[in-house]
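First up is the structure itself, then whatever we jot down about it.
In the text below, chain A, chain B and the rest are named by the order of the sequence lines, each starting its count at 1.
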Amino acid sequence: MRRFALVDCNNFYCSCERLFRPDLKRVPVVVLSNNDGCIVARSPEARALGIGMGVPLFKVRETVRRHNVRVFSSNYALYGDISARVMQTLERFSPDLEIYSIDEAFLDLSGVASPVAYGQEIRATVRRHVGVPVSVGIAPTKTLAKLANYAAKRFAETGGVVDLSAPHKQRRLLAITPVGEVWGVGRRIAASLQKLGVTTALDLARMEPRRIRRRFSVVLERTVRELNGESCIGLEAMPAAKKQIVCSRSFGEKLTGYAEVRQAVCEFAARTAEKLRREELLARMVHLFIRTSPFDGSGPGYSNAATGTLPCPSADSRAILALVTRLFDDIWKDGCRYAKAGVMLGDLCSPDQVQPDLFTAGDDQDRSDRLMRAIDAINHSGRGKIWFGGQRPQTDWFMRRAHLSPAYTTRWECIPEVC
DNA sequence: TCTGGGGTCCTAGGACCC
DNA sequence: TCTGGGGTCCTAGGACCC
C-alpha cells in the first residue's frame, strides 16, 4: 500500500527560539512576521492565553504585557539553518522526501512494516539530533497525512504520531474535523461549503467528486478523492524550477519622497536579481508595484503596478534595475504615504534555453556574468557590500526588527558559550 | 503609532488564428 | 433578418498554501 508520512515541526519558529534559551521552556513565546507586524508563531502557552494566529501585535499588547509573553522578531537566518538540519535528519528515514515548507516534509513510507513505531523513531531522532519537537501523520494520501498530523498535534494521547492507514480510523477522524482544517480548503471555500451543509471533513469526503468539480474546481475534486484514500497528489522529491521570484516589503515607516521610495524599489530589484542568479535562472518579465496602506486613513489611497519585458532574458542587475526605474517613473504619484513596494521577476528560463541576442551575445554576456559573479562574491564574503547607484541597502525604510534573537548557528560572534 | 512575505495553481475572458 | 466552430495563448484575478 502507498503510504505517506507528513513530518511537521511543532510551532517551529518558537521551538527554534527556545533551542538556545532553556529559560523559555513552558513560558508563553510568540514570533512576529517581518516588520514586527503580526504574530506568526505561538508556543502552546501563548495559544492558551487566547493569542490568535496572524493577529497584529498591537491588538494583543495588553495580554503580552500582563502575562509577560516573550516576543521575538523573525530570525530567518536561524530558522533556515535549523530547518536544514531537520531535513538532513529526515533524509535518513526515507530516500523519497519532499521538503514542503520550512518546517514540513512528506516522506514516502510505502513498505514500512510498523509505521507507528517508525514515526516514533523519527520523532525521537529529530529531537535528539536537532532539538525541536515534531509530529508525524501517516496515511495513504497526502491530504489524509496532513489530517493525521493535525490529530497528532491536537491530541496529546497520540504521542505525536498518528497512523491513518485503516479506513475506519480515517472516518472517525474526518467525522470530528471541521472542513476548514482540510488541506486545500481555505476560508472562502469553507464558507461556500457550509452553505451546502458541508461542515465536517467527512461531509466533504462524502460529496460526489464530479459535482464538486462543477461547483468548485478540479483542485477541490482532488481533495475529495484524497480524503477517500485515492492518492492524486504525488511526492515531488525534485524541487520544481521556480516560476517567479519576488522581493517585497512593508516599510518600517511610511515613505513619501520620490527618492526614498525609488531607492527602496532599486534595492528590491537588486535582491531579486541576486536570487535569480543563485537559482541560475534568467528572467524576461519584470513587475513592480507600490502602494499605500489600506489601513491608513490619513492620506489618499493609491496602488499601482507596471510590468515590463527585458529585450533579452537576463540576470544582470543593471538591466533589471534600469527597467525597474523606468517602470517606477511610470507609476510614481506624489503626495502619498507609501507603505509597501515590491519587485517580481517572471517568465524565468535557464540560460541554456535562451536564444542569445545577436548584438549582445558572446563577449558582452561573458563580461556581464563575470561582473555579477564578482559582485555576489563580494557581497557574500562578509567583508562589506557593494551596490549600484540608486540602491540604498537596509536604511531607515527597512524592516523593524526590535526583538531579534542572535543568529546562534550562522554567525561566529553569536555562538553561545557554555561556561 | 503599530496589520508579513513568498510562492503555486486554476479559471474566465479576451484577442487572435484558420 | 441573418452573423461558425474550434482552437491557442495570454492576462488578471482569485483561491490556496506555509
For DNA chain B, whose closest nucleotide is more 5', that of A:Tyr13 or that of A:Val219?
-> A:Tyr13

Hey, does the Lys NZ or Arg CZ of A:Lys254 hover above the aromatic six-ring of A:Tyr338, less than 6.0 Å from the centre and inside 45° of the axis?
-> no

Answer yes or no: does a side-chain N or O of A:Ser101 lie under 4.0 Å from OP1 or OP2 of C:dC17?
-> no

Just call it for A:Asp36: base, sugar-phosphate, or nothing, with non-hydrogen atoms closer than 4.0 Å on any strand.
-> nothing

Base, sugar-phosphate alone, or nothing: which one does A:Val182 contact when heavy atoms must sit under 4.0 Å apart?
-> sugar-phosphate

Which nucleotide sits closest to the side chain of A:Lys275: B:dG7, B:dG4, B:dC10?
-> B:dG7

Across the strands shown, which category fits A:Ile189 at heavy-atom distances under 4.0 angstrom: base, sugar-phosphate, nothing?
-> sugar-phosphate

Can you check whether A:Phe58 stacks with the B:dT1 base, using ring centres under 5.5 Å and planes within 30°?
-> no

Hey, mind stepping through A:Arg225 and A:Glu221 against salt bridge (Lys or Arg N to Asp or Glu O under 4.0 Å) and telling me if it holds?
-> CA-CA 6 Å; A:Arg225 294 182 184 278; A:Glu221 180 194 7; 3.0 Å; yes

Without swapping roles, check the side chain of A:Ser192 against the backbone of A:Arg188 for a donor-acceptor pair under 3.5 Å.
-> yes

Would you mind telling me which of B:dG5, C:dA15, B:dG4 lies closest to the side-chain atoms of A:Lys340?
-> B:dG5

With the side chain of A:Cys38 defined as its heavy atoms from C-beta on, choose the nearest nucleotide among B:dT8, B:dG4, B:dC10.
-> B:dG4

Under a 4.0 Å N-O cut-off, is there an ion pair linking A:Glu62 with A:Arg65?
-> yes

Of the nucleotides B:dG4, B:dT11, C:dC18, which one has an atom closest to the side chain of A:Asp103?
-> C:dC18

So what does A:Val185 touch, heavy atoms closer than 4.0 Å: a base, only the sugar-phosphate, or nothing?
-> sugar-phosphate

Scan A:Arg61 against the nucleic acid and name what it touches under 4.0 Å (heavy atoms): base, sugar-phosphate only, or nothing.
-> nothing

Of B:dT3, B:dG6, B:dT8, the nucleotide closest to the side chain of A:Lys243 is B:dT8

From the candidates B:dT11, B:dT8, B:dC2, the one with an atom nearest any side-chain atom of A:Arg400 is B:dC2

Hunt down the Watson-Crick or G-U wobble partner of C:dG5, both distances under 3.5 Å, from any strand shown, or write none.
-> B:dC18

Go through B:dG4, C:dC17, B:dG7 for me and flag the one nearest to the A:Lys146 side chain.
-> C:dC17

Please measure how far the P atom in B:dT3 lies from the corresponding atom in C:dC18, and state the result in whole Å.
-> 24 Å

Using a cut-off of strictly less than 4.0 Å, decide whether A:Ser248 has a side-chain nitrogen or oxygen near OP1 or OP2 of B:dG6.
-> yes

Over 60° means perpendicular and under 30° means parallel, so classify the ring planes of A:Tyr13 and A:Tyr79, tilted if in between.
-> parallel

Report which part of the nucleic acid A:Arg222 touches: base, sugar-phosphate, or nothing (heavy-atom distance under 4.0 Å, all strands).
-> sugar-phosphate

When you measure from the side chain of A:Tyr76, which nucleotide among B:dT8, B:dG4, C:dC18 comes out closest?
-> B:dG4

Between A:Phe295 and A:Ile245, who's closer to the 5' end of DNA chain B by nearest nucleotide?
-> A:Phe295

Candidate nucleotides C:dA15, C:dC17, B:dC10, ranked by approach to the side chain of A:Ser217 - the nearest = B:dC10

With distance as the sole test, does A:Asn228 use its side chain to make a donor-acceptor pair with the main-chain N or O of A:Val224 at under 3.5 Å?
-> yes

Would you mind classifying the nucleic acid contact of A:Gln244 as base, sugar-phosphate or nothing, using non-hydrogen atoms under 4.0 angstrom?
-> base

Winner on side-chain proximity to A:Lys254, out of B:dT3, B:dG5, C:dC16, is B:dT3

